[in-house]
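Notes for the one structure printed next.
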Amino acid sequence: MATEFWRFSMAKVAFIGLGVMGYPMAGHLKVKGGHDVTVYNRTAAKAEDWAKKFGGKAAATPAEAARDADFVFVCVGNDDDLRSVTTTETGVLAGMKPGAILIDNTTASAEVARELDA
Ligand SMILES: NC(=O)c1ccc[n+]([C@@H]2O[C@H](COP(=O)([O-])OP(=O)(O)OC[C@H]3O[C@@H](n4cnc5c(N)ncnc54)[C@H](OP(=O)(O)O)[C@@H]3O)[C@@H](O)[C@H]2O)c1
């Protein structure tokens with residue numbers, strides 16, 4: 001997967017969840033990686049702050065952030081939080097294009113990983 005990602009000189013990336021981990025991770029993808037990054041955060045003010053700081057874009061829903069993205073990163077709290085930003089009507093799976101790759105960084109269960117795969 002890592003090899004796949006770095007083959008893109010500039011990828012279109014979505015990042016969902018700008019907590020202690022996600023905020024700087026998304027920033028590195030924008031500033032160090034040079035990727036075109038769109039973020040979503042449940043508390044919108046944090047996403048707007050991120051976009052101002054790093055020069056990326058903020059979306060109103062996870063699905064909107066994921067639209068046209070080559071890679072979609074998620075970093076939220078737990079299994080249920082992960083479900084709420086992936087498999088709901090406004091979750092990333094509703095917006096992702098065929099062939100896009102979902103990369104979950106949440107400390108989540110194998111069970112929810114299987115659900116998302118299915
Ligand atoms: N921090 C660490 O050192 C560390 C180390 C290893 C692993 N991890 C794991 O990494 C993951 C993220 O950790 P963190 O420290 O970044 O957590 P955090 O600071 O608490 O941030 C959690 C993020 O998830 C979002 N979120 C939570 N529930 C949500 C929901 N139901 N719908 C949508 N968004 C939701 C929060 O949005 P809001 O801003 O709106 O609250 C926030 O952006 C966790 O699984 C954690 O166990 C963290």
Side-chain angles (χ1 to χ4, degrees):
M1 185 167 62
T3 312
E4 185 73 17
F5 183 61
W6 295 114
R7 263 202 316 200
F8 285 72
S9 51
M10 192 189 77
K12 196 161 163 35
V13 173
F15 203 107
I16 315 302
L18 303 174
V20 171
M21 298 293 284
Y23 191 101
M25 285 168 76
H28 288 319
L29 287 164
K30 177 75 179 75
V31 175
K32 297 192 177 181
H35 300 294
D36 176 4
V37 182
T38 301
V39 297
Y40 165 82
N41 196 69
R42 177 179 58 180
T43 305
K46 236 192 262 181
E48 282 150 24
D49 174 78
W50 183 95
K52 232 181 259 168
K53 180 167 179 180
F54 294 106
K57 287 163 273 180
T61 64
E64 190 184 314
R67 197 151 294 128
D68 293 329
D70 303 303
F71 299 92
V72 178
F73 289 79
V74 179
C75 191
V76 291
N78 59 34
D79 283 17
D80 285 339
D81 303 335
L82 179 57
R83 288 184 182 100
S84 79
V85 296
T86 52
T87 56
T88 56
E89 252 177 43
T90 55
V92 293
L93 294 176
M96 284 172 73
K97 66 184 178 186
I101 295 174
L102 176 61
I103 301 151
D104 176 40
N105 299 276
T106 307
T107 303
S109 70
E111 186 188 335
V112 74
R114 284 189 207 101
E115 279 174 35
L116 291 179
D117 182 51

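One is the number of the first residue; the rest follow in order along the sequence. Only heavy atoms go into these numbers, but all of them, side chains included; no hydrogens, no water, no symmetry mates.
In this structure, Leu29 and Phe73 have side chains that are in contact, with non-hydrogen atoms separated by less than 4.5 Å. Counting only heavy atoms from C-beta outward, the side chains of Asn78 and Thr106 never approach each other to under 4.5 Å. A 4.5 Å side-chain heavy-atom check between Leu116 and Thr87 finds at least one atom pair inside the cut-off. By the 4.5 Å heavy-atom criterion applied to side chains, Ile103 and Phe71 are counted as neighbours. With a 4.5 Å cut-off on side-chain heavy atoms, Thr88 and Arg83 do not count as touching. Leu18 places a side-chain heavy atom less than 4.5 Å from the side chain of Val39. Considering only heavy atoms from C-beta on, Arg67 stays 4.5 Å or farther from Thr38 through its side chain. In this structure the side chain of Tyr23 reaches within 4.5 angstrom of the side chain of Lys53, judged on heavy atoms.
The distance from atom CD1 of Ile16 to atom CG of Leu102, rounded to the nearest 0.5 Å, is 9.5 Å. Atoms OG1 and CG, on Thr90 and Leu93 in that order, are 11.0 Å from each other to the nearest 0.5 Å.
Here Asp49 does not pair with Lys52 in a salt bridge; the nearest charged N to carboxylate O distance is not below 4.0 Å.
Taking all atoms of both residues into account, the shortest heavy-atom contact from Met96 to Ile101 is CE-C, 3.9 Å. Here the closest heavy-atom approach between residue Ala14 and residue Ala65 is recorded as CB-O, 3.3 Å. Between Ala63 and Gly91, the shortest heavy-atom contact is CB-O, 3.3 Å. Here the shortest heavy-atom pairing between Ala59 and Tyr40 reads O-CD1, 3.6 Å. Between Ala69 and Val72, the closest heavy-atom pair is CB-CG2, 4.0 Å. Between Ala26 and Phe15 the shortest heavy-atom distance is CB-CG, 3.7 Å.
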side-chain contact (heavy atoms from CB on, under 4.5 Å) evaluation trace for Leu82 with Val74: CA-CA 8 Å; Leu82 179 57; Val74 179; 3.6 Å; yes
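Within the 3.5 Å criterion, the main-chain N or O of Lys46 finds no donor-acceptor partner in the side chain of Thr43. Listed for the Asp70 side chain is no donor-acceptor partner under 3.5 Å among the backbone atoms of Ala11. Of the possible donor and acceptor atoms, one in the side chain of Asp79 sits under 3.5 Å from a partner among the backbone N and O of Ser109.
Sorted by first and then second residue, the salt bridge (Lys or Arg N to Asp or Glu O under 4.0 Å) pairs involving residues 15-40 (not counting sequence neighbours) are Asp36-Lys57.
Counting non-hydrogen atoms of neighbouring residues, nucleotides and ligands closer than 6.0 angstrom, the NZ atom of Lys97 exceeds 12 such neighbours.
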